[in-house]
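Step one of this worksheet: look at the structure below.
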Amino acid sequence: MRDEFVATTTGLLDEDPRTALVLADISASLFTDAAARHPERVHNVGIREQLMVGVAGGLALTGLRPIVHSYATFTVDRVYEQLKLDLDHQDAGAVVVSVGASYDGSQYGYTHFSPGDVALLDTLTGWTVHVPGHPGEVPPLLRAAAARDDRTYVRLSTQRNDVAHPGEGLQVIHRGSAAAPVVVAVGPALHEVLPAVDGIDVTVAYTHTPRPFDVAGLRALLGEPAVVVLVEPYLAGTSSRVIADALAHVPHRLLALGVGRIDLHRYGTPGDHTRWHGLDAAGLRRSLTGFLATAPVNATVCRPEDGAPAPGRGSTAPRRRRAT
Amino acid sequence: MVVAMTATFHDRADLAQVTPLLRRLTGAEKHEPSAYSTLDVIWVLYDRVLRVDPSRPTDPDRDRFLLSKGHGPHAYYAVLATKGYFPVSWLDDLAGPRSPLGHHPDRTLVPGVEIASGSLGHGLGLGVGIALGLRIQRRFDPRVYVLLGDGELDEGSNHEAIAYAAVAGLDTLTAVVIDNRTATHGWPGGIASRFMIAGWTAATVDGRDHDSVEQALRANEPGRPHAVVAEVEGTH
């Protein structure tokens, strides 16, 4: 995905005089050609991420469209206040593009992880968040973002799906029965979701754009009672608030899966971390079947006065669906 | 096209006009202008230096003044009101529920306010971005002035901006540091040296001497950003 980002951004710099790129050393060597062609609009400020975002805010205040880029943890976690004040509070826009995602840099350790980036941006105002699941989704998302004036975050990853799904909103990848639970996979999480649900009656919906979340699309897919399983490649539960708000007046059950709130103090591969956080196909299947089996489909667990759902009450459908 | 605030046009507006506005703003009869560390510098900027037109606060070719040190913006508001950026009546309800004027300024609420500030250490980075943005758009005339405090310089983000502004040769950028000795650990070796060692030109002046301040503000050189350290007493 980083290759597509570099190629598309280089193209945008060639085509659109409004665009400017601000780097903080990360990926700078990949933009050598672009910097040579557009020395005024490509700025590598050095290892100075606060300045990177401040400069972006200033550029935007003069009417330009800044694109800033670094590792996720350095372009979100480290500069949270710059995003909040130099962009949001100034009513200035920018396209913030990260690499590294939750644990792509697994061998570098936790200092290079950012499972909380999307959750941090959720504390801010009006951000569009793209989490592409395939390199083919990156160019159109970037181009559209460059043409806007809003604040957009593009979270690139080395994790990827087999097929690009460049459509908008919640895209149905697999349609289950009318009453089937809906599994929402965000970005590259889809790769493990598909084998995880094999043989289970669920609808699988995909999005590369969790903000704004396509709540209308989700409502349209839900059966009665509404059962939602979120699978996000960043902090577990990041979108729970959005789903809860969208379904505030609908009895529903929600299982939110994602990266755990724990520093494992481990290296290994990204695949190892996916497994450790239960986001591999086997782990997801375990969580999904457990969720569907232990609470009946028609339980109303979102009504606290009902107390804990009684085992065995209601439909036995989940058990039947667990066959494979 | 910016109409410069020339001396002939604004001689009538004397700093003495600001004093009653400051009192109106704060409701404090005893606060003399000298209580405001930034007042003289901001006055000299708006009265003698900035090429700005209050009737066209978004003119792309205007000079920019960024109050990075957003604390105690009373002098700033009083000067802006004196120059006609907004009605003087706005001064009567500072930080009220419907007031556009708060204890830290908000660019989305006040005409002429270039950045929203208050959290220290954000203005100079934004100023670097604005100066770069103007250069990219081949607007070489407008200058960008960023006002900081000596205590604010403690924030490391300033030093990221100081280093890069010099490397980028941002000669339309001027940092004005109001030095009222509020930095807890001081600046051994002087504030100006922090800029000069990075490649800026710098001048240190009496921040109450209007002619000296003006002269220092105009002492920028091609190819290098410029810093003016204005030494003052005062607590706001």
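Proteins get letters first, then strands, A, B, ... in listed order; numbering begins at 1 in each. Computation of the quantities below employed the complete heavy-atom set of this structure, encompassing side-chain atoms and omitting hydrogens, waters and symmetry-equivalent molecules.
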- Note on the structure: Interface check, chain A: of B/L132, B/V128, B/V144, B/L66, most non-hydrogen pairs under 4.5 Å belong to B/L132
- Query: With respect to chain A, which residue among B/P60, B/G118, B/S119 yields the maximal number of heavy-atom pairs within a distance under 4.5 Å?
  - Reply: B/S119
- State, with a plain yes or no, whether a side-chain heavy atom of A/H89 is found less than 4.5 Å away from one of B/T108. no
Around atom [atom1] of [X], are there more than 12 heavy atoms of other residues, nucleotides or ligands at under 6.0 Å?
X: A/R261; atom1: CZ; answer: no
X: B/I197; atom1: CD1; answer: no
X: B/R143; atom1: CZ; answer: yes
X: B/F140; atom1: CZ; answer: yes
X: A/E168; atom1: CD; answer: no

- Query: To the nearest 0.5 Å, what is the distance between CD (A/Q90) and CG (B/L126)?
  - Reply: 5.5 Å
- Can you tell me how far the OG1 atom of A/T62 sits from the CD1 atom of B/I136, to the nearest 0.5 Å? 7.0 Å
- Task: Could you have a look at A/V22, A/D91, A/L85 and say which one has the most heavy-atom pairs with chain B under 4.5 angstrom?
- Result: A/L85
- Task: Between chain B and each of A/G63, A/G58, A/A20, count heavy-atom pairs under 4.5 Å; write down the option with the most.
- Result: A/G58
Answer with side chain, backbone, both or neither: which region of [X] has an atom nearer than 4.5 Å to a non-hydrogen atom of chain B?
X: A/H38; result: neither
X: A/L61; result: side chain
X: A/D88; result: neither
X: A/E49; result: backbone

- Message: For residues 150-171 of chain B, give me every residue with a non-hydrogen atom less than 4.5 Å from any non-hydrogen atom of chain A.
- Response: B/S157, B/E160, B/A161, B/A163, B/Y164
- Query: Side chains of B/H122 and A/E81: donor-acceptor distance under 3.5 Å anywhere?
  - Reply: yes
